[in-house]
2 protein chains.
Amino acid sequence: MAYRETEKMRQRKAQARNKIIECTWECVAEGGFRSARITRIAGLAGVATGTIYRHFESREDLFAEIFRLATQREVDKVAEALSVPGNAVERLDGALRKFAQRALKGPMKAWALIAEPVDPKVEQERLVYRKAYASLFEKAIQDGIAEGSLSEQNARLSSTCLVGAISESLVGPLSPTQTNTTPGNDNNQDELVNAIVCFCIRGLTDSRS
Amino acid sequence: MAYRETEKMRQRKAQARNKIIECTWECVAEGGFRSARITRIAGLAGVATGTIYRHFESREDLFAEIFRLATQREVDKVAEALSVPGNAVERLDGALRKFAQRALKGPMKAWALIAEPVDPKVEQERLVYRKAYASLFEKAIQDGIAEGSLSEQNARLSSTCLVGAISESLVGPLSPTQTNTTPGNDNNQDELVNAIVCFCIRGLTDSRS
DNA sequence: ACAAAGAATGAATAGTGATTCACTACTTGG
DNA sequence: CCAAGTAGTGAATCACTATTCATTCTTTGT
């Protein structure tokens with residue numbers, strides 16, 4: 001017998017796989033998932049189209065993986081923002097801001113992750129990650145209720161509302177058809193983020209307290 | 001010369017067109033836009049596939065029209081709920097409830113209108129109608145600010161947050177993969193609607209007032 | 001009844017791009 | 001260098017339906 005997979009080969013394969021992932025994300029950052037063609041990705045990565053299929057079951061699986069990786073980064077950022085010291089309201093405020101600001105900084109990427117119409121497997125991932133966000137927020141809301149900075153409420157549903165309010169508010173500004181790269185819209189963006197966060201924080205805070 | 005379009009013919013054509021629209025909506029109610037096949041629609045309507053194209057430019061145009069009609073109905077309901085007598089908070093409360101309850105009553109239809117991945121032309125319509133909802137809410141919020149039942153706020157952004165919070169909260173329950181038709185979930189639905197509406201109303205209400 | 005014009009038909013076509021697979025080129029241990 | 005096994009290739013295929021259009025059927029006014 002002869003060929004047996006060696007460490008060197010394993011690494012080379014991993015490298016190729018990473019290159020494919022990287023180039024796919026590059027394509028997605030240009031025009032979203034829908035317009036990312038396998039041939040284009042292969043071209044960018046400097047491999048043949050068939051090679052893509054040695055690393056991923058299908059286009060959809062590839063996309064699902066890219067989605068997973070990219071979103072996990074964002075979830076981690078939010079988790080990070082929620083784990084600073086301070087009371088729950090402050091921490092949630094910071095996390096929401098971070099979420100919105102990061103999205104506005106990479107509109108096409110954010111649109112692809114948040115709002116682009118995607119195929120079922122990717123949509124599935126999206127649901128998973130929306131739940132991940134919601135869970136993080138839910139935990140913080142429960143902390144807030146426990147420490148008394150937030151009133152009694154259905155933490156799970158409130159967290160879902162947070163995710164929805166912030167996503168929806170960003171969809172318009174993120175929409176690739178009308179992304180304005182006009183200079184001087186930083187103030188608008190700041191105002192946008194402020195208004196969203198204010199709404200959300202009020203939504204969590206009982207006016208009768 | 002001979003044939004000249006007559007009233008009778010005009011009506012017959014209009015009838016055929018309506019039948020097509022009706023059957024398309026029936027298909028959509030079964031499995032959303034994506035799975036609604038032209039051949040199936042034609043079959044249901046009792047016409048040949050080619051006939052569809054005498055009444056609509058393309059599948060996408062047909063869908064856009066169906067979307068427009070269906071969503072307009074919903075927008076009208078919300079508008080109706082906002083025009084009852086009472087202060088802004090009460091009216092918004094009622095409108096949000098109506099929106100959520102109607103959606104939960106026809107989950108597949110609501111999913112198709114709110115969350116299903118759709119083609120560009122239909123997505124375009126969706127954006128238009130999200131704005132329509134937001135405008136209605138915005139108007140009510142401004143009323144509330146004027147009459148003092150709501151605090152100063154960016155009415156446009158708050159209204160967008162409302163739309164987002166309520167849509168997102170409904171996506172999970174509406175998702176066709178996990179629609180539970182288990183009996184006895186009416187209470188869950190009521191609680192769901194309550195929590196959403198509470199969050200939204202709190203979001204509009206300043207806790208410092 | 002006829003001719004002119006439109007409406008309806010539905011089998012055949014076409015466009016798209018993901019996916020396959022027969023083949024070539026490597027890698028490895030002996 | 002060989003044999004066995006794996007990775008890479010990319011032109012050809014496939015799958016999927018929306019869309020077309022030559023033909024047939026209806027309607028209309030004379």
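All figures in this text were calculated on a predicted structure; none of them were measured in a lab. Chain letters run A, B, ... following the sequence lines, proteins first and then strands; every chain starts at 1.
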If you check the [X] side chain, which of [options] turns out closest?
| X | options | answer |
| --- | --- | --- |
| Ser58(B) | dT19(C), dT19(D), dT9(C) | dT19(D) |
| Ala48(B) | dG10(C), dT27(C), dG8(D) | dG10(C) |
| Val47(B) | dG8(D), dT9(C), dT19(D) | dT9(C) |
| Arg37(A) | dA18(C), dA18(D), dA7(D) | dA18(C) |
| Arg59(A) | dA7(C), dT17(D), dA18(C) | dA18(C) |

For atom [atom1] of [X] and atom [atom2] of [N], their distance in whole Å:
| X | N | atom1 | atom2 | answer |
| --- | --- | --- | --- | --- |
| Lys19(A) | dA7(D) | NZ | C1' | 18 Å |
| Ile38(A) | dG17(C) | CD1 | C1' | 9 Å |
| Ile41(B) | dA8(C) | CD1 | C1' | 17 Å |
| Asp119(B) | dT17(D) | CG | C1' | 13 Å |
| Asp61(B) | dA18(D) | CG | P | 14 Å |
| Arg10(A) | dT28(C) | CZ | P | 11 Å |
| Lys13(A) | dC26(C) | NZ | C1' | 13 Å |
| Phe63(A) | dG17(C) | CZ | C1' | 12 Å |

Kindly compute the distance separating CD (Glu138(A)) from CG (Asp143(A)), expressed to the nearest 0.5 Å. 10.5 Å
Atom CD of Glu116(B) and atom CE of Met108(B): how far apart are they, to the nearest 0.5 Å? 8.0 Å
If the cut-off is 4.0 Å, is [X] near the phosphate of [N], judged by side-chain N/O to OP1 or OP2?
| X | N | result |
| --- | --- | --- |
| Thr49(A) | dG10(D) | no |
| His55(B) | dA8(C) | yes |
| Arg12(B) | dT27(D) | yes |
| Arg4(A) | dG29(C) | no |
| Lys8(A) | dT28(C) | yes |
| Arg54(A) | dT6(D) | no |

Taking the side chain as C-beta and beyond, is there a heavy-atom pair between Arg126(B) and Ile114(B) under 4.5 Å? no
Does Gly50(B) or Tyr53(A) map to a spot on DNA chain C nearer the 5' end, using the closest nucleotide for each? Gly50(B)
Answer yes or no: is there a donor N or O on one side and an acceptor on the other, between the side chain of Thr6(A) and the main chain of Met9(A), under 3.5 Å? no
Show me the side-chain donor-acceptor pairs of residues 31-50 of chain A shorter than 3.5 Å, one per line, residues at least two apart or across chains.
from: Ser35(A); atom 1: OG; to: Gly31(A); atom 2: O; distance (Å): 2.9
from: Arg37(A); atom 1: NH1; to: Arg34(A); atom 2: O; distance (Å): 3.3
from: Arg40(A); atom 1: NH1; to: Glu30(A); atom 2: OE1; distance (Å): 2.8

